[in-house]
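By convention in this document, chain letters (A, B, ...) are assigned in the order of the sequence lines, proteins followed by strands, and residues within each chain are numbered from 1. All heavy atoms count here, side chains included; hydrogens, waters and symmetry mates do not.
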There are 2 protein chains.
Amino acid sequence: MSVEHTLLAVLSYWPSTGYDIKAEFEHKAASLYWGMSYGSIYPKLKKLEEEGFIYTLEQEAEGRRKKLYELTPKGWEELENWQRMSPAYPVVKDELFVKLSTWHDDMDSSILIGHLQKRREETEDILRFVKEWPSNGYSFVSKFSALAIRFAEMRLEAEIKWIEEATHILKTNDLPEGQDLNGNADKILKRRRMALKENEEK
Amino acid sequence: MSVEHTLLAVLSYWPSTGYDIKAEFEHKAASLYWGMSYGSIYPKLKKLEEEGFIYTLEQEAEGRRKKLYELTPKGWEELENWQRMSPAYPVVKDELFVKLSTWHDDMDSSILIGHLQKRREETEDILRFVKEWPSNGYSFVSKFSALAIRFAEMRLEAEIKWIEEATHILKTNDLPEGQDLNGNADKILKRRRMALKENEEK
DNA sequence: AACCACATGTAATTCGTTACATGATTCG
DNA sequence: CGAATCATGTAACGAATTACATGTGGTT
(Lines give C-alpha, C1' and ligand atoms only; values in the text may rest on other atoms or scores of the structure.)
Protein backbone atom coordinates (compact mmCIF):
# COMPACT_ATOMS: atom_id res chain seq x y z
CA MET A 1 0.00 0.00 0.00
CA SER A 2 3.05 2.18 -0.39
CA VAL A 3 1.77 4.43 -3.17
CA GLU A 4 -1.31 5.27 -1.13
CA HIS A 5 0.87 6.13 1.84
CA THR A 6 3.03 8.35 -0.28
CA LEU A 7 -0.12 10.24 -1.28
CA LEU A 8 -1.08 10.63 2.38
CA ALA A 9 2.47 11.84 3.05
CA VAL A 10 2.25 14.52 0.37
CA LEU A 11 -1.16 15.64 1.63
CA SER A 12 0.24 15.94 5.15
CA TYR A 13 2.24 19.00 4.03
CA TRP A 14 -0.89 20.86 2.95
CA PRO A 15 -4.19 20.15 1.20
CA SER A 16 -3.58 19.53 -2.50
CA THR A 17 -5.28 18.59 -5.75
CA GLY A 18 -4.30 15.60 -7.87
CA TYR A 19 -2.68 18.05 -10.25
CA ASP A 20 -0.59 19.59 -7.49
CA ILE A 21 0.61 16.18 -6.38
CA LYS A 22 1.76 15.29 -9.87
CA ALA A 23 3.66 18.58 -10.06
CA GLU A 24 5.20 17.94 -6.64
CA PHE A 25 6.67 14.68 -7.93
CA GLU A 26 7.85 16.23 -11.13
CA HIS A 27 10.90 18.17 -10.01
CA LYS A 28 12.04 17.14 -6.55
CA ALA A 29 11.35 13.63 -7.75
CA ALA A 30 14.59 13.09 -9.53
CA SER A 31 16.64 11.89 -6.62
CA LEU A 32 14.53 11.30 -3.53
CA TYR A 33 10.97 10.52 -4.42
CA TRP A 34 9.44 8.79 -7.36
CA GLY A 35 7.09 9.75 -10.13
CA MET A 36 3.42 8.96 -10.44
CA SER A 37 1.05 9.37 -13.37
CA TYR A 38 -2.45 10.86 -13.36
CA GLY A 39 -3.76 7.42 -14.16
CA SER A 40 -2.45 6.33 -10.77
CA ILE A 41 -3.12 9.42 -8.74
CA TYR A 42 -6.78 10.18 -9.44
CA PRO A 43 -8.15 6.66 -8.95
CA LYS A 44 -6.07 6.27 -5.78
CA LEU A 45 -7.32 9.59 -4.37
CA LYS A 46 -10.86 8.50 -5.06
CA LYS A 47 -10.24 5.22 -3.32
CA LEU A 48 -8.63 6.91 -0.32
CA GLU A 49 -11.64 9.21 -0.05
CA GLU A 50 -14.08 6.30 -0.20
CA GLU A 51 -12.16 4.53 2.52
CA GLY A 52 -12.25 7.61 4.72
CA PHE A 53 -8.54 8.52 4.79
CA ILE A 54 -9.00 11.84 3.00
CA TYR A 55 -11.89 14.19 2.23
CA THR A 56 -12.61 17.01 -0.19
CA LEU A 57 -12.33 20.52 1.23
CA GLU A 58 -15.43 22.50 0.29
CA GLN A 59 -14.65 25.80 -1.32
CA GLU A 60 -16.95 28.66 -2.21
CA ALA A 61 -17.13 28.07 -5.95
CA GLU A 62 -14.35 30.58 -6.64
CA GLY A 63 -12.73 30.15 -9.98
CA ARG A 64 -11.95 26.85 -11.57
CA ARG A 65 -13.42 23.51 -10.55
CA LYS A 66 -10.98 21.62 -8.37
CA LYS A 67 -10.85 19.17 -5.53
CA LEU A 68 -8.57 20.02 -2.64
CA TYR A 69 -7.97 16.89 -0.62
CA GLU A 70 -7.20 16.95 3.10
CA LEU A 71 -6.40 14.17 5.57
CA THR A 72 -9.11 12.90 7.92
CA PRO A 73 -8.25 11.86 11.50
CA LYS A 74 -8.17 8.29 10.20
CA GLY A 75 -5.80 9.44 7.46
CA TRP A 76 -3.39 11.08 9.92
CA GLU A 77 -3.38 7.93 12.00
CA GLU A 78 -2.85 5.66 9.02
CA LEU A 79 0.06 7.80 7.84
CA GLU A 80 1.73 7.69 11.22
CA ASN A 81 1.25 3.96 11.67
CA TRP A 82 2.91 3.50 8.32
CA GLN A 83 5.76 5.85 9.24
CA ARG A 84 6.40 3.84 12.38
CA MET A 85 6.72 0.62 10.38
CA SER A 86 10.22 -0.33 9.36
CA PRO A 87 10.81 0.69 5.73
CA ALA A 88 11.68 -1.98 3.17
CA TYR A 89 15.22 -1.96 1.81
CA PRO A 90 15.23 0.00 -1.44
CA VAL A 91 15.72 -1.69 -4.78
CA VAL A 92 18.02 0.11 -7.18
CA LYS A 93 17.51 -0.59 -10.85
CA ASP A 94 20.31 0.95 -12.81
CA GLU A 95 20.84 -0.05 -16.42
CA LEU A 96 24.25 1.55 -16.41
CA PHE A 97 25.58 -1.14 -14.10
CA VAL A 98 24.16 -3.98 -16.13
CA LYS A 99 25.76 -2.47 -19.22
CA LEU A 100 29.04 -1.86 -17.45
CA SER A 101 29.17 -5.33 -15.84
CA THR A 102 28.75 -7.05 -19.18
CA TRP A 103 31.13 -4.81 -21.12
CA HIS A 104 34.10 -6.60 -22.71
CA ASP A 105 37.32 -5.92 -24.56
CA ASP A 106 35.81 -6.28 -28.02
CA MET A 107 33.63 -3.24 -27.36
CA ASP A 108 34.72 0.35 -27.83
CA SER A 109 35.29 1.75 -24.36
CA SER A 110 34.78 5.32 -25.59
CA ILE A 111 31.05 4.57 -25.75
CA LEU A 112 31.12 3.52 -22.13
CA ILE A 113 33.02 6.69 -21.28
CA GLY A 114 30.27 8.60 -23.07
CA HIS A 115 27.64 6.93 -20.90
CA LEU A 116 29.60 7.92 -17.81
CA GLN A 117 29.91 11.51 -18.98
CA LYS A 118 26.20 11.76 -19.57
CA ARG A 119 25.43 10.26 -16.19
CA ARG A 120 27.80 12.73 -14.63
CA GLU A 121 26.05 15.71 -16.19
CA GLU A 122 22.65 14.46 -15.11
CA THR A 123 23.90 13.83 -11.61
CA GLU A 124 25.50 17.26 -11.42
CA ASP A 125 22.22 18.87 -12.48
CA ILE A 126 20.38 17.15 -9.69
CA LEU A 127 23.13 17.88 -7.21
CA ARG A 128 22.98 21.58 -8.05
CA PHE A 129 19.23 21.56 -7.46
CA VAL A 130 19.52 19.59 -4.23
CA LYS A 131 22.20 21.91 -2.88
CA GLU A 132 20.09 25.00 -3.50
CA TRP A 133 16.86 23.44 -2.36
CA PRO A 134 17.05 24.19 1.39
CA SER A 135 17.77 27.85 0.73
CA ASN A 136 16.11 28.59 -2.59
CA GLY A 137 13.72 31.07 -1.04
CA TYR A 138 10.44 29.30 -1.75
CA SER A 139 10.42 25.56 -0.98
CA PHE A 140 9.25 24.27 2.37
CA VAL A 141 12.02 22.16 3.89
CA SER A 142 11.35 20.77 7.35
CA LYS A 143 14.17 19.95 9.75
CA PHE A 144 13.71 16.30 8.88
CA SER A 145 13.61 16.88 5.15
CA ALA A 146 16.86 18.76 5.51
CA LEU A 147 18.45 15.56 6.80
CA ALA A 148 17.12 13.64 3.82
CA ILE A 149 18.44 16.28 1.47
CA ARG A 150 21.85 16.06 3.09
CA PHE A 151 21.83 12.36 2.30
CA ALA A 152 20.93 12.95 -1.33
CA GLU A 153 23.85 15.36 -1.52
CA MET A 154 26.31 12.84 -0.16
CA ARG A 155 25.08 10.10 -2.42
CA LEU A 156 25.27 12.30 -5.50
CA GLU A 157 28.73 13.52 -4.60
CA ALA A 158 29.91 9.94 -4.13
CA GLU A 159 28.51 9.11 -7.54
CA ILE A 160 30.32 11.96 -9.25
CA LYS A 161 33.56 11.07 -7.56
CA TRP A 162 33.24 7.49 -8.74
CA ILE A 163 32.44 8.57 -12.29
CA GLU A 164 35.61 10.66 -12.36
CA GLU A 165 37.70 7.78 -11.11
CA ALA A 166 36.11 5.28 -13.46
CA THR A 167 36.47 7.58 -16.45
CA HIS A 168 40.14 8.08 -15.72
CA ILE A 169 40.68 4.33 -15.35
CA LEU A 170 38.97 3.64 -18.67
CA LYS A 171 40.82 6.39 -20.50
CA THR A 172 44.21 5.23 -19.31
CA ASN A 173 43.17 1.62 -19.80
CA ASP A 174 44.25 0.93 -16.25
CA LEU A 175 41.43 -1.43 -15.29
CA PRO A 176 41.59 -3.50 -12.12
CA GLU A 177 42.21 -7.23 -12.15
CA GLY A 178 38.83 -8.61 -11.20
CA GLN A 179 38.56 -12.29 -10.36
CA ASP A 180 38.61 -14.77 -13.19
CA LEU A 181 39.50 -18.25 -12.02
CA ASN A 182 38.15 -20.11 -15.05
CA GLY A 183 39.28 -17.76 -17.76
CA ASN A 184 35.70 -16.66 -18.24
CA ALA A 185 36.59 -13.34 -19.85
CA ASP A 186 38.36 -15.23 -22.65
CA LYS A 187 35.58 -17.77 -22.94
CA ILE A 188 33.05 -15.00 -23.40
CA LEU A 189 35.09 -13.34 -26.12
CA LYS A 190 35.48 -16.71 -27.88
CA ARG A 191 31.78 -17.58 -27.70
CA ARG A 192 30.88 -14.19 -29.02
CA ARG A 193 33.45 -14.15 -31.84
CA MET A 194 32.44 -17.63 -32.88
CA ALA A 195 28.77 -16.69 -33.01
CA LEU A 196 29.39 -13.52 -34.98
CA LYS A 197 31.78 -15.22 -37.42
CA GLU A 198 29.27 -17.94 -38.13
CA ASN A 199 26.80 -15.26 -38.88
CA GLU A 200 29.06 -13.46 -41.33
CA GLU A 201 29.78 -16.62 -43.26
CA LYS A 202 26.16 -17.04 -44.15
CA MET B 1 12.56 -4.04 -23.25
CA SER B 2 15.00 -3.69 -20.40
CA VAL B 3 14.15 -6.95 -18.62
CA GLU B 4 14.78 -8.90 -21.79
CA HIS B 5 18.14 -7.21 -22.22
CA THR B 6 19.07 -8.02 -18.68
CA LEU B 7 18.38 -11.68 -19.46
CA LEU B 8 20.62 -11.46 -22.53
CA ALA B 9 23.27 -9.82 -20.35
CA VAL B 10 23.16 -12.66 -17.82
CA LEU B 11 23.33 -15.25 -20.60
CA SER B 12 26.37 -13.50 -22.06
CA TYR B 13 28.43 -14.71 -19.06
CA TRP B 14 27.68 -18.37 -19.80
CA PRO B 15 24.74 -20.49 -20.93
CA SER B 16 22.19 -20.79 -18.15
CA THR B 17 18.81 -22.20 -17.26
CA GLY B 18 15.89 -20.13 -16.01
CA TYR B 19 16.57 -21.51 -12.59
CA ASP B 20 20.22 -20.41 -12.70
CA ILE B 21 19.20 -16.91 -13.69
CA LYS B 22 16.83 -16.60 -10.76
CA ALA B 23 19.60 -17.74 -8.42
CA GLU B 24 22.01 -15.26 -10.00
CA PHE B 25 19.68 -12.41 -9.11
CA GLU B 26 19.07 -13.73 -5.63
CA HIS B 27 22.29 -12.78 -3.88
CA LYS B 28 24.31 -10.28 -5.84
CA ALA B 29 21.00 -8.62 -6.52
CA ALA B 30 20.77 -6.75 -3.29
CA SER B 31 22.68 -3.71 -4.34
CA LEU B 32 23.49 -3.68 -8.04
CA TYR B 33 20.98 -5.69 -10.00
CA TRP B 34 17.32 -6.33 -9.47
CA GLY B 35 15.21 -9.36 -8.74
CA MET B 36 13.04 -11.27 -11.12
CA SER B 37 10.45 -13.96 -10.51
CA TYR B 38 10.00 -17.26 -12.36
CA GLY B 39 6.72 -15.93 -13.65
CA SER B 40 8.75 -13.31 -15.51
CA ILE B 41 11.80 -15.30 -16.45
CA TYR B 42 10.36 -18.38 -18.12
CA PRO B 43 7.85 -16.65 -20.40
CA LYS B 44 10.50 -14.09 -21.38
CA LEU B 45 13.05 -16.78 -22.19
CA LYS B 46 10.46 -18.54 -24.33
CA LYS B 47 9.71 -15.28 -26.11
CA LEU B 48 13.41 -14.53 -26.66
CA GLU B 49 13.87 -17.99 -28.13
CA GLU B 50 10.90 -17.57 -30.47
CA GLU B 51 12.30 -14.27 -31.62
CA GLY B 52 15.68 -15.82 -32.31
CA PHE B 53 17.80 -14.06 -29.69
CA ILE B 54 18.61 -17.24 -27.78
CA TYR B 55 18.46 -20.98 -28.44
CA THR B 56 18.43 -24.15 -26.37
CA LEU B 57 21.74 -26.01 -26.16
CA GLU B 58 21.16 -29.67 -26.92
CA GLN B 59 22.57 -31.98 -24.34
CA GLU B 60 22.93 -35.73 -24.41
CA ALA B 61 20.06 -36.58 -22.05
CA GLU B 62 22.35 -36.75 -19.04
CA GLY B 63 20.62 -36.34 -15.74
CA ARG B 64 17.78 -34.01 -15.08
CA ARG B 65 15.62 -32.35 -17.70
CA LYS B 66 16.76 -28.79 -18.20
CA LYS B 67 17.08 -26.14 -20.84
CA LEU B 68 20.41 -24.40 -21.15
CA TYR B 69 19.94 -21.21 -23.09
CA GLU B 70 22.70 -19.62 -25.18
CA LEU B 71 22.83 -16.41 -27.20
CA THR B 72 22.43 -16.55 -30.98
CA PRO B 73 24.43 -14.18 -33.23
CA LYS B 74 21.31 -12.02 -33.32
CA GLY B 75 21.23 -12.15 -29.51
CA TRP B 76 24.85 -10.99 -29.19
CA GLU B 77 24.17 -8.14 -31.56
CA GLU B 78 20.99 -7.10 -29.81
CA LEU B 79 22.77 -7.08 -26.44
CA GLU B 80 25.57 -4.92 -27.77
CA ASN B 81 23.26 -2.48 -29.49
CA TRP B 82 21.46 -2.07 -26.20
CA GLN B 83 24.72 -1.64 -24.30
CA ARG B 84 25.71 1.13 -26.66
CA MET B 85 22.48 3.00 -26.02
CA SER B 86 22.63 5.62 -23.32
CA PRO B 87 21.17 4.19 -20.10
CA ALA B 88 18.14 5.86 -18.50
CA TYR B 89 18.70 7.73 -15.27
CA PRO B 90 17.87 5.37 -12.40
CA VAL B 91 14.80 5.87 -10.25
CA VAL B 92 15.32 5.37 -6.55
CA LYS B 93 12.27 4.42 -4.54
CA ASP B 94 13.11 4.59 -0.88
CA GLU B 95 10.31 4.57 1.68
CA LEU B 96 12.74 5.65 4.37
CA PHE B 97 13.04 9.09 2.80
CA VAL B 98 9.32 9.56 2.45
CA LYS B 99 8.92 8.61 6.10
CA LEU B 100 11.78 10.84 7.17
CA SER B 101 10.67 13.83 5.10
CA THR B 102 7.21 13.79 6.65
CA TRP B 103 8.36 13.17 10.20
CA HIS B 104 7.39 15.88 12.70
CA ASP B 105 7.91 16.93 16.29
CA ASP B 106 4.83 15.18 17.63
CA MET B 107 6.33 11.83 16.66
CA ASP B 108 8.77 9.86 18.77
CA SER B 109 12.17 10.28 17.14
CA SER B 110 13.46 7.07 18.76
CA ILE B 111 11.37 5.14 16.23
CA LEU B 112 13.07 7.00 13.42
CA ILE B 113 16.44 6.25 15.00
CA GLY B 114 15.40 2.61 15.06
CA HIS B 115 14.66 2.73 11.32
CA LEU B 116 18.09 4.21 10.71
CA GLN B 117 19.79 1.54 12.82
CA LYS B 118 18.06 -1.21 10.91
CA ARG B 119 18.99 0.36 7.59
CA ARG B 120 22.55 0.61 8.75
CA GLU B 121 22.75 -3.05 9.61
CA GLU B 122 21.28 -4.06 6.27
CA THR B 123 23.64 -1.76 4.44
CA GLU B 124 26.62 -3.09 6.37
CA ASP B 125 25.67 -6.65 5.46
CA ILE B 126 25.61 -5.80 1.80
CA LEU B 127 28.81 -3.79 2.06
CA ARG B 128 30.57 -6.76 3.64
CA PHE B 129 29.43 -8.98 0.80
CA VAL B 130 30.38 -6.43 -1.84
CA LYS B 131 33.84 -5.94 -0.37
CA GLU B 132 34.58 -9.66 -0.39
CA TRP B 133 33.00 -10.31 -3.75
CA PRO B 134 35.99 -9.57 -6.03
CA SER B 135 38.24 -11.88 -4.01
CA ASN B 136 35.89 -14.48 -2.54
CA GLY B 137 37.54 -17.29 -4.46
CA TYR B 138 34.59 -18.38 -6.60
CA SER B 139 32.68 -15.53 -8.28
CA PHE B 140 33.55 -14.37 -11.76
CA VAL B 141 34.28 -10.65 -11.65
CA SER B 142 35.37 -9.08 -14.91
CA LYS B 143 37.54 -5.96 -15.01
CA PHE B 144 34.43 -3.94 -15.78
CA SER B 145 32.34 -5.55 -13.06
CA ALA B 146 35.11 -4.67 -10.64
CA LEU B 147 34.51 -1.00 -11.47
CA ALA B 148 30.79 -1.39 -10.81
CA ILE B 149 31.50 -3.10 -7.53
CA ARG B 150 33.79 -0.27 -6.52
CA PHE B 151 30.88 2.09 -7.08
CA ALA B 152 28.54 0.01 -4.94
CA GLU B 153 31.16 0.14 -2.20
CA MET B 154 31.39 3.92 -2.31
CA ARG B 155 27.65 4.36 -2.33
CA LEU B 156 27.15 2.02 0.59
CA GLU B 157 29.93 3.67 2.57
CA ALA B 158 28.40 7.09 1.95
CA GLU B 159 25.09 5.75 3.18
CA ILE B 160 26.55 4.39 6.40
CA LYS B 161 28.39 7.61 7.05
CA TRP B 162 25.18 9.58 6.60
CA ILE B 163 23.24 7.24 8.89
CA GLU B 164 25.83 7.79 11.60
CA GLU B 165 25.63 11.56 11.24
CA ALA B 166 21.84 11.58 11.11
CA THR B 167 21.52 9.31 14.12
CA HIS B 168 23.80 11.54 16.14
CA ILE B 169 21.85 14.63 15.12
CA LEU B 170 18.56 13.01 16.11
CA LYS B 171 19.89 11.73 19.43
CA THR B 172 21.28 15.10 20.45
CA ASN B 173 18.21 16.81 19.02
CA ASP B 174 20.50 19.05 17.04
CA LEU B 175 18.47 19.17 13.84
CA PRO B 176 19.27 21.70 11.09
CA GLU B 177 17.10 24.71 10.39
CA GLY B 178 15.46 23.77 7.13
CA GLN B 179 13.52 26.45 5.26
CA ASP B 180 10.09 27.37 6.53
CA LEU B 181 8.98 30.76 5.25
CA ASN B 182 5.28 30.28 5.93
CA GLY B 183 5.48 28.56 9.28
CA ASN B 184 4.44 25.33 7.62
CA ALA B 185 5.89 23.09 10.29
CA ASP B 186 3.57 24.72 12.83
CA LYS B 187 0.63 24.63 10.49
CA ILE B 188 1.09 20.92 9.97
CA LEU B 189 1.20 20.27 13.71
CA LYS B 190 -1.94 22.32 14.18
CA ARG B 191 -3.87 20.63 11.38
CA ARG B 192 -2.92 17.27 12.75
CA ARG B 193 -3.69 18.06 16.41
CA MET B 194 -7.01 19.57 15.43
CA ALA B 195 -7.97 16.49 13.42
CA LEU B 196 -6.96 14.08 16.15
CA LYS B 197 -8.69 16.10 18.91
CA GLU B 198 -11.91 16.19 16.95
CA ASN B 199 -11.67 12.48 16.68
CA GLU B 200 -11.23 11.95 20.41
CA GLU B 201 -14.23 14.08 21.25
CA LYS B 202 -16.54 11.79 19.35
C1' DA C 1 -8.83 33.94 -31.45
C1' DA C 2 -5.42 30.90 -30.19
C1' DC C 3 -2.72 28.78 -27.03
C1' DC C 4 -1.00 27.25 -22.78
C1' DA C 5 -1.48 25.97 -18.04
C1' DC C 6 -4.76 24.26 -14.96
C1' DA C 7 -7.67 20.39 -13.84
C1' DT C 8 -10.09 15.75 -13.73
C1' DG C 9 -10.97 11.48 -15.16
C1' DT C 10 -11.28 6.61 -17.65
C1' DA C 11 -10.22 2.56 -20.70
C1' DA C 12 -6.99 -0.26 -22.70
C1' DT C 13 -2.89 -2.20 -22.25
C1' DT C 14 1.43 -3.57 -20.43
C1' DC C 15 4.01 -5.46 -17.02
C1' DG C 16 5.16 -8.22 -13.33
C1' DT C 17 4.23 -11.00 -9.13
C1' DT C 18 2.01 -14.62 -6.48
C1' DA C 19 0.37 -18.81 -6.15
C1' DC C 20 -0.23 -22.93 -7.87
C1' DA C 21 0.85 -27.40 -10.40
C1' DT C 22 4.15 -30.74 -11.57
C1' DG C 23 7.91 -33.73 -11.39
C1' DA C 24 13.01 -35.46 -11.10
C1' DT C 25 17.16 -36.15 -8.42
C1' DT C 26 20.10 -36.06 -4.54
C1' DC C 27 21.25 -36.45 0.20
C1' DG C 28 20.82 -37.79 4.89
C1' DC D 1 12.12 -43.04 2.23
C1' DG D 2 11.27 -38.34 3.16
C1' DA D 3 12.91 -33.77 2.65
C1' DA D 4 15.39 -30.42 0.22
C1' DT D 5 16.88 -28.80 -3.99
C1' DC D 6 16.75 -28.59 -8.84
C1' DA D 7 13.77 -27.46 -12.60
C1' DT D 8 9.87 -25.75 -15.65
C1' DG D 9 5.78 -23.77 -16.42
C1' DT D 10 0.90 -21.31 -16.26
C1' DA D 11 -3.27 -18.80 -14.60
C1' DA D 12 -5.11 -15.34 -11.89
C1' DC D 13 -4.40 -11.24 -10.18
C1' DG D 14 -2.70 -6.67 -9.16
C1' DA D 15 -0.32 -2.47 -10.08
C1' DA D 16 0.88 1.18 -12.91
C1' DT D 17 1.41 3.56 -17.43
C1' DT D 18 -0.23 5.38 -21.80
C1' DA D 19 -3.36 7.37 -24.36
C1' DC D 20 -7.38 9.34 -24.75
C1' DA D 21 -11.43 12.44 -23.63
C1' DT D 22 -13.03 16.67 -21.74
C1' DG D 23 -13.31 21.25 -20.20
C1' DT D 24 -11.96 26.06 -17.85
C1' DG D 25 -9.42 30.30 -17.33
C1' DG D 26 -5.79 33.44 -18.14
C1' DT D 27 -2.49 35.53 -21.38
C1' DT D 28 -0.79 37.25 -25.88
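One finds no side-chain N or O of Lys22(B) lying less than 4.0 angstrom from the OP1 or OP2 phosphate oxygen of dT8(D).
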With 3.5 Å as the limit, what N/O pairs link the protein to nucleotides 2-4 of chain D?
none

Are any protein N/O atoms closer than 3.5 Å to N/O atoms in nucleotides 8-10 of chain C? If there are, list each pair with its distance.
from, atom 1, to, atom 2, distance (Å)
dT8(C), OP1, Lys67(A), N, 2.8
dT8(C), OP2, Gly18(A), N, 3.4
dT8(C), OP2, Tyr19(A), N, 3.1
dT8(C), OP2, Tyr42(A), OH, 2.8
dT8(C), O5', Tyr42(A), OH, 3.4
dT8(C), O3', Arg65(A), NH2, 3.2
dG9(C), OP1, Lys67(A), NZ, 3.0
dT10(C), OP1, Lys46(A), NZ, 3.2

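For Leu7(A) and dA15(D), the CG to C1' distance is 14 Å, given to the nearest whole Å. One interatomic measurement links the two molecules: CD of Glu49(B) to P of dT8(D), which rounds to 12 Å at whole-angstrom precision. A straight line from NZ of Lys93(B) to C1' of dT17(D) spans 11 Å, rounded to a whole angstrom. With rounding to whole Å, Met36(B) atom CE is found 12 Å from dC15(C) atom C1'. The interatomic distance linking Glu26(A) (CD) with dC6(C) (P) rounds to 11 Å, in whole Å. The CD1-C1' distance, from Ile41(A) to dA19(D), rounds to 16 Å in whole Å.
The cationic group of Lys22(A) lies under 6.0 Å from the six-membered ring centre of Tyr38(A) and within 45° of the ring axis, placing it in a cation-pi geometry. Remark: Lys187(A) is not positioned above the aromatic ring of Trp14(B), lacking an NZ or CZ atom under 6.0 angstrom from the ring centre and at most 45 degrees off the axis.
With sequence neighbours left out, Glu132(B) forms a side chain to side chain contact (heavy atoms under 4.5 Å, CB included) with Arg128(B).
Aromatic pair Tyr69(A)/Tyr55(A): centroids not less than 6.0 angstrom apart. Trp162(B) has its ring centre less than 6.0 Å from the ring centre of Phe97(B).
Put simply, OH on Tyr89(B) and NZ on Lys118(A) are 11.0 Å apart, with the number rounded to the nearest 0.5 Å.
Remark: the Thr102(A) side chain and the Gln83(B) side chain contain an N/O donor-acceptor pair separated by less than 3.5 Å. At a cut-off of 3.5 Å, with distance as the only test, no side-chain donor of His115(B) or Glu95(B) sits close to an acceptor on the other residue.
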